[in-house]
Amino acid sequence: MSETFKVCFCCSRSFKEKTRQPPGSIKRLFEAYSRNGKMSSDELLRFVSEVQGERHAGLDYVQDIFHSVKQHNVFHIHGLVHLNAFYRYLFSDTNSPLPLSRQVHHDMKAPLSHYFVYTGHNSYLTGNQVNSRSSVEPIVQALRRGVKVIELDLWPNPSGNAAEVRHGGTLTSHEDLQKCLNAIKDNAFHVSDYPVMITLEDHLPPNLQGKVAKMLTKTFRGMLFRCGSESWKHFPSPEELKKKILISTKPPKEYLESQAVQTSRTPPIDKETWRSRPASGTNMAWRGENKIPHQDAEEEEEAVGYRDLIAVHAGNCKGSLKDCLSDDPERPRRISMNEQRLETVVRTRGTDVIRFTQRNLVRIYPKGTRLNSSNYDLYKSSRAHDKIHMGHGKQLWIMQGMFRANGGCGYVKKPRVLLHKHTPFDPCKRLPIKTTLKVKVYTGQGWDLDFPQTHFDRYSPPDFFVKIGIAGVPRDTVSYRTETAVDQWFPIWKDEFLFQLSVPELALVWLRVQDYDNDTQNDFAGQTCLPLPELKSGVRAVRLHDRAGNAYKNARLLVSFSFDPPYTFLIS
């Protein structure tokens, strides 16, 4: 069989078409666990136990493998697996490098600040931050991917009588606020029942804040988590907040100005009282006794109603580093910090950042020059907080990979190393090597089914190579690449790579396939990112994704993973 490419009207080039034959290393692996070219149930069980690390697997597990390949008509007549069936199993979704169950298995009863939360930035924009269209579509897509924090920028409309969603000071279009809220309500718990937070970047006068408060209350009703003026020493847990919508924004200026007076005159509110307060409730003691001089009563009421919806108080980090990272023992909070500031803080006061995030939330927003909302390198903050931006690139893929953990529910429990109270983790400290990840890339397939013949090269089959690396703390971050498999739709590699890891709990392994080009930029051919704490050892079928993170139907790699020495990942 040959594959023909047209060079011009009268000329063409032919290439011998390679088939999906197992590489020699896979054939030798099969021979080691089979007899006379056939593998019995017991032999397959021994393979999945010894090579794949499935120590608790039994014959039921093996029967599931049998059924997964039976439909492909690659069985021996006596029910024994031969090489083609074995190879089919290795490339199947059954042989995933991550758990198949998609079950939440982290402890979900700790405070919110003990989790990484899948977060969206400019969640309503379809493209760049300058002139793209605003829409509810990105909100829906984000929530259906598992994102649990949605950001809305609120501005008065041109007539000043209503709030609208838009990226202020730019040429981006606006979107109707009610449509955005409806989209959140309808999709918030599509992936999991754990809470969704709406962060409001509020540029509204008090009267419009009041209208927004009424819209939020009417739209979400019992789903809306209300905390009033209650002081908590810790955020509630994701388990306590199931099926709840949390509002996070800065308190209205009127409230801030009167807060000192309110604190001195208003008696403490019983916990059960504020939790059961009616949706339209307002703080009557504050309204009656602590009015701001010359403030309109209606505006005052609107401000109070808006304030009472705020579950997570927010603020910018504009003062000194000491003030920025000060921890209020009576109320945890969320602060916002731009990426340049964060880099400075991590270099100079890394342990203070980690200590602060043990009780509080930190939101990192991109510098203004990132017009396409490209992704900030979250590892510069040693994963003190995680924020996903809209641009497609390596950091987006890392973020998506990270939140494949814990059943993809949108919440990943921080490892113990980030939660030690007395000896906070220092991201700048050089730590000893704990384990070595060994990665061997065997082969790949499926591009011929997912892409047109001339997608990568007009005149020849593609020249694939794989880049592979670790995303983690600086000492662990390194990358390599395989040799280039020339003119092959079914490339075979013999490359093995070693990654020494000092903080494996915070590491992910990423893989990116490219088609090599001499004269132009290498073509993208798929990517994925896998969290090490959930990575399964053995020879695994690694499914590839496009730039946006959508899985290709067929394209995947066959890769083996192992830890030397074996490492046990403990979630705090």
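Looking only at distances, a side-chain donor or acceptor of T443 sits under 3.5 Å from a matching main-chain atom of P491. No donor-acceptor pair closer than 3.5 Å links the side chain of H190 to the backbone N or O of A188. A donor-acceptor pair is defined here as one N or O able to donate and one able to accept, closer than 3.5 Å; such a pair exists between the side chain of Q52 and the backbone of V539. The closest donor-acceptor contact from the side chain of S237 to the backbone of P111 lies at 3.5 Å or more, if one exists at all. Proximity of a side-chain donor or acceptor of R55 to a complementary backbone N or O of S49 within less than 3.5 Å is detected. In this structure a side-chain-to-backbone donor-acceptor pair under 3.5 Å is missing from Q400 to N550. A distance-only check finds no donor-acceptor pair linking the side chain of T454 to the backbone of D457 [under 3.5 Å]. A donor-acceptor pair under 3.5 Å is absent between the side-chain atoms of R430 and the main chain of R475, judged by distance alone.
Considering only heavy atoms from C-beta on, F490 comes within 4.5 Å of D448 through its side chain. Annotation: side chain of M197 is not in contact with side chain of K148 (no heavy-atom distance under 4.5 Å). Taking the side chain as every heavy atom from C-beta outward, V542 and L558 never approach each other to under 4.5 Å. Residues Q527 and W510 form no side-chain contact, since every pair of their non-hydrogen atoms from C-beta on lies 4.5 Å or further apart. Two residues are said to be in side-chain contact when any heavy atoms from C-beta on lie closer than 4.5 Å; F497 and I468 meet this criterion. By the 4.5 Å heavy-atom criterion applied to side chains, V81 and F66 are counted as neighbours.
Separation of the W493 and F464 ring centroids does not fall under the 6.0 Å cut-off. Aromatic ring centres of F403 and Y411 lie farther apart than the 6.0 Å criterion allows. Taking the ring centroids of F189 and Y194, they lie at or beyond the 6.0 Å cut-off. Aromatic pair F563/F499: centroids not less than 6.0 angstrom apart. Aromatic ring centres of W397 and F524: separated by under 6.0 Å. Taking the ring centroids of Y89 and Y87, they lie at or beyond the 6.0 Å cut-off.
Partners of K438 by salt bridge (charged side-chain N to carboxylate O under 4.0 Å, His left out), not counting sequence neighbours, listed by chain and number: D564.
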(request) Please assess L83 against K27 for the test side-chain contact (heavy atoms from CB on, under 4.5 Å), listing each intermediate value before the final yes or no. (result) CA-CA 7 Å; L83 177 60; K27 291 179 180 178; 3.9 Å; yes
(request) Please test D463 against T484 for side chain to side chain donor-acceptor pair (under 3.5 Å), starting from the C-alpha separation and ending with a verdict. (result) CA-CA 6 Å; D463 308 317; T484 300; over 6 Å; no
(request) I would like to know whether R333 and D327 meet salt bridge (charged side-chain N to carboxylate O under 4.0 Å, His left out); could you show each step before the answer? (result) CA-CA 9 Å; R333 59 195 172 105; D327 186 13; over 6 Å; no
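Side-chain contact, R334 with S248: a donor N or O sits under 3.5 Å from an acceptor N or O. D517 and N522 form no side-chain donor-acceptor contact under 3.5 Å, judged by distance and modelled atom types alone. For the residue pair N360/S113, the side-chain donor-acceptor check at 3.5 Å is not satisfied. Looking at Y516 and N518, their side chains do bring a donor and an acceptor atom within 3.5 Å of each other.
Under the 6.0 Å distance and 45° angle rule, R145 does not count as a cation-pi partner of Y118.
A salt bridge is absent between R481 and D495; no separation between the charged side-chain nitrogens and carboxylate oxygens falls under 4.0 Å. Under the 4.0 Å criterion applied to side-chain N and carboxylate O atoms, E534 and R404 are not assigned as salt-bridge partners. Salt bridge annotation for R46-E54: absent, with no cationic side-chain nitrogen under 4.0 angstrom from a carboxylate oxygen.
Applying the 6.0 Å contact sphere to CD of E483 captures no more than 12 heavy atoms from other residues, nucleotides or ligands.
The one candidate from R416, K434, K413 that meets the salt bridge (charged side-chain N to carboxylate O under 4.0 Å, His left out) condition with E505 is K434.
H114 contributes atom NE2, which lies 9.0 Å from atom CZ of R359 (distance to the nearest 0.5 angstrom). Note that CG of L419 is 9.5 Å distant from CD1 of I354, once rounded to the nearest 0.5 Å.
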